[in-house]
Student: 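Pasting a structure here, questions to come.
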Amino acid sequence: MAISAWTPLLVALICVWISGVEVDAQVPGPRTRYQPNWASLDQRPLPQWYDNAKVGIFLHYGVYSVPSFGSEWFWTNWKNLRNPEYVQFMQRNYKPDFTYQEFASQFTAELFNATKWALLFKDSGARYVVLTSKHHDGFTLWPSKNSYGWNSMDVGPKRDIVKELAAAIRKESDLRFGLYYSLFEWFNPLWTDDKLHLLMQQHFVERKVRPEQMELVQQYLPEIIWSDGDWEAPAKYWRSEEFIAWLYNDSPVRNTVVTNDRWGFGTACMHGDFYNCADRFNPGVLQAHKWENAFTLDRTSWGQRFDVSLADFMTSKEVVKEIITTVSCNGNVLINVGPTKFGTILPIFEERLRDMGRWLKFNGEGIYGSVPWIYQNDTITGNVWYTRQKEASNGKITVYAFVLEYPYDTNELDIYPLGKDINIFRNVMLTGIDIGTGGEILNEQSTEVVMLGMEDTKIKWTADHNRLRIVFPPKNHIDKRGLDYAWTFKITISSHSHFIIIT
């Protein structure tokens with residue numbers, strides 16, 4: 001890449017190395033009031049907690065957990081699309097006149113223990129949780145005043161699932177609590193009537209959506225509003241800008257709440273505190289705007305299902321890879337689990353979450369609170385990804401190199417944390433004139449290499465210009481520490497009076 005294209009990044013990098021601190025973009029002053037339009041709402045700074053958190057847990061839980069077949073779209077796949085697999089499933093297992101509503105009484109949640117869930121999510125290393133308060137079937141997991149007879153207090157569990165989980169999360173952990181909310185409902189008469197009137201009326205929004213959104217925020221204080229089910233109508237129909245302006249200006253969570261980008265067709269990847277863009281979105285390249293990769297441990301379904309095989313589940317190694325490649329590119333991960341109708345989390349999901357927690361316990365230093373490095377993926381050794389420590393200190397900068405594949409044949413690896421080609425100058429003048437003498441920046445005086453989880457073991461390494469050759473400790477020593485899935489090297493570089501220009 002030409003030097004001119006890297007000028008803003010170069011200047012920012014030099015500022016970090018010289019001052020040892022990052023400039024906070026938020027200037028103290030009177031509270032900003034945001035107007036109900038995207039031009040104003042898009043100016044709101046992202047609350048720092050969300051960028052630091054990196055890892056969240058998603059929970060798809062509802063009436064669709066009862067048939068546990070196909071996906072959480074069971075109702076519409078069966079009745080609207082008449083999918084043969086769903087039709088045959090119902091014909092084989094239920095009486096001819098059985099309705100989807102009858103599943104609700106079987107949604108018992110008798111083994112649901114919110115404290116047990118909260119402790120598992122804490123052990124997983126996640127920093128926030130998002131629960132589906134209402135999916136596209138309209139069933140709410142709280143006693144909604146606008147969903148009489150179709151909520152978890154009136155039928156099924158006879159419990160306020162949202163309230164219990166929110167309380168347990170806040171009591172047992174420091175995790176932030178958030179709520180998913182589907183804007184539309186497949187079979188709600190108010191919604192279908194608005195569609196018949198070409199969305200020229202907003203009875204569904206006025207009588208159902210907005211009252212429930214306000215109720216959720218005011219009663220349960222969610223710090224993430226994860227909107228969905230927006231794609232059949234524009235944001236103006238949903239009055240999304242009005243609701244978000246209230247969230248930012250006057251709601252009880254106005255200082256900390258974050259929203260995603262699903263607020264009407266055309267808003268995805270365009271508006272919101274963070275972008276989802278699409279399910280399982282992971283572009284593999286740096287994104288300027290904060291984004292989130294929401295993905296499922298069951299590769300094809302968000303809700304729990306029993307028509308699965310072992311191959312349908314992501315492995316722990318795949319989960320760790322997804323975390324690394326996402327965070328390296330300025331994203332967060334939201335990892336979905338589908339609980340059973342009984343209120344339990346299947347052992348295979350629990351195993352994945354606990355494996356993730358053990359990995360983050362050793363390697364989380366390079367994940368939580370990190371920011372993208374000037375390179376996300378090593379330009380030569382492709383299975384290496386980078387982040388950096390947010391704050392530099394004492395003229396030092398810390399880069400984390402995540403190795404996704406162990407070098408079994410050689411037990412050593414060449415990485416290029418400064419890129420394929422670099423030029424090093426002394427006493428750079430930012431006037432377009434480069435004056436200086438060359439020198440090696442990766443040397444024993446300026447560079448320290450530590451393997452996370454093996455801090456008491458001296459790592460052997462050599463450098464040749466921009467190449468860093470790292471010798472791994474003996475594999476049996478690594479395995480004894482329980483280090484698996486990916487291995488992280490912390491590279492601390494002292495700038496002295498050198499500046500790096502990437503070309």
Student: Is there side-chain contact between Leu120 and Phe349, with heavy atoms separated by less than 4.5 Å?
Tutor: no
Student: Decide yes or no for Glu85 and Asp307: does some side-chain heavy atom of the first lie under 4.5 Å from some side-chain heavy atom of the second?
Tutor: no
Student: Please report whether the ring centroid of Tyr406 lies less than 6.0 Å from that of Phe472.
Tutor: yes
Student: Is it the case that the side chains of Ser71 and Arg305 hold a donor-acceptor pair, with the cut-off being a distance below 3.5 Å and no angle test?
Tutor: no
Student: Work out which heavy atom in Trp291 is nearest to a heavy atom in Pro283; give both atom names and the distance.
Tutor: CH2-CD, 3.5 Å
Student: By the definition side chain to side chain contact (heavy atoms under 4.5 Å, CB included), identify the one residue from Val333, Ile323, Asp123 that meets it with Met356.
Tutor: Ile323
Student: Looking only at side-chain N and O atoms, does Lys134 offer a donor or acceptor that is under 3.5 Å from a partner on Tyr181?
Tutor: yes
Student: With side chains defined as the heavy atoms from C-beta onward, is the minimum distance between Thr296 and Asp279 less than 4.5 Å?
Tutor: no
Student: Consider only side-chain N and O atoms of Asn260 and Glu292, and report whether a donor and an acceptor are under 3.5 Å apart.
Tutor: no
Student: Under a 3.5 Å threshold, yes or no: a donor from one side chain and an acceptor from the other, between Tyr248 and Asp273?
Tutor: yes
Student: How about Glu455: does its CD atom have over 12 heavy atoms from other parts shown lying under 6.0 Å from it?
Tutor: yes
Student: Compare all side-chain heavy atoms of Asn276 with those of Phe281 and state whether any distance is below 4.5 angstrom.
Tutor: no
Student: By the definition ring-ring contact (aromatic ring centres under 6.0 Å, His included), identify the one residue from Tyr86, Trp186, Trp302 that meets it with Trp73.
Tutor: Trp186
Student: For Trp461, check ring pair (Phe, Tyr, Trp, His ring centres under 6.0 Å) against everything at least two apart and list the hits.
Tutor: none
Student: Determine whether Thr326 and Phe295 satisfy the following criterion, side chain to side chain contact (heavy atoms under 4.5 Å, CB included), listing intermediate values before the conclusion.
Tutor: CA-CA 11 Å; Thr326 298; Phe295 66 92; 5.7 Å; no
Student: Taking Asp261 for its side chain and Met270 for its backbone only, find out whether a donor-acceptor pair lies under 3.5 Å.
Tutor: no
Student: Indicate yes or no: at least one non-hydrogen side-chain atom of Gln304 is less than 4.5 angstrom from one of Thr344.
Tutor: no
Student: Quick one: are Asp228 and His136 in side-chain contact, heavy atoms under 4.5 Å?
Tutor: yes
Student: Using the ring of Phe362 (Phe, Tyr or Trp, six-membered ring only), decide whether Arg481 places NZ or CZ under 6.0 Å from its centre and within 45 degrees of its axis.
Tutor: no
Student: Would the distance check show the side chain of Thr381 and the main-chain N or O of Asn383 forming a donor-acceptor pair, the cut-off being under 3.5 Å?
Tutor: no
Student: Is the closest basic N to carboxylate O distance between Asp355 and Arg352 below 4.0 Å?
Tutor: no
Student: For this output row, return yes or no: ring centroids of Tyr50 and Tyr128 closer than 6.0 angstrom.
Tutor: yes
Student: With the threshold set at 4.0 Å, does a side-chain nitrogen-carboxylate oxygen contact exist between Lys490 and Glu365?
Tutor: yes
Student: So, the side chain of Tyr368 versus the backbone of Gly125: is there a donor-acceptor pair under 3.5 Å, distance only?
Tutor: yes
Student: Closer than 4.0 angstrom, basic N to acidic O: yes or no for Asp312 and Arg299?
Tutor: no
Student: Closer than 3.5 angstrom, by distance alone: can the side chain of Trp385 be matched with the main-chain N or O of Val327 as a donor-acceptor pair?
Tutor: no
Student: Are side-chain heavy atoms of Phe74 and Asn77 found at a separation under 4.5 Å?
Tutor: no
Student: I'd like to know if Lys54 pairs up with Asp51 as an ion pair, taking the criterion as any Lys NZ or Arg NE/NH1/NH2 lying under 4.0 Å from an Asp or Glu carboxylate oxygen.
Tutor: yes
Student: Whether the side chain of Thr259 engages the backbone of Gly272 through a donor-acceptor N/O pair (distance < 3.5 Å, no angle test) should be reported.
Tutor: no
Student: Does some side-chain heavy atom of Thr325 sit less than 4.5 Å from a side-chain heavy atom of Phe402?
Tutor: no
Student: Please report whether the ring centroid of Trp117 lies less than 6.0 Å from that of Tyr61.
Tutor: yes
Student: So Thr132 and Glu72, side chain to side chain contact (heavy atoms under 4.5 Å, CB included) or not? Walk me through it.
Tutor: CA-CA 11 Å; Thr132 49; Glu72 69 289 346; over 6 Å; no
Student: For the side chain of Gln287 and the backbone of Val285, is there at least one donor-acceptor N/O pair under 3.5 Å apart?
Tutor: yes
Student: Determine, using ring centers only, whether Phe112 and Phe107 are less than 6.0 Å apart.
Tutor: no
Student: I'd like to know whether the aromatic ring centres of Trp231 and Phe184 sit less than 6.0 Å apart in this structure.
Tutor: yes
Student: Treating Ser68 as the side-chain partner and Ser65 as the backbone partner, does any N or O pair qualify as donor plus acceptor under 3.5 Å?
Tutor: yes
Student: Check this for me: Lys122, atom NZ, are more than 12 non-hydrogen atoms of other residues, nucleotides or ligands nearer than 6.0 Å?
Tutor: no
Student: How close do Val55 and Ile335 get, counting heavy atoms only, and between which atoms?
Tutor: CG1-CD1, 4.3 Å
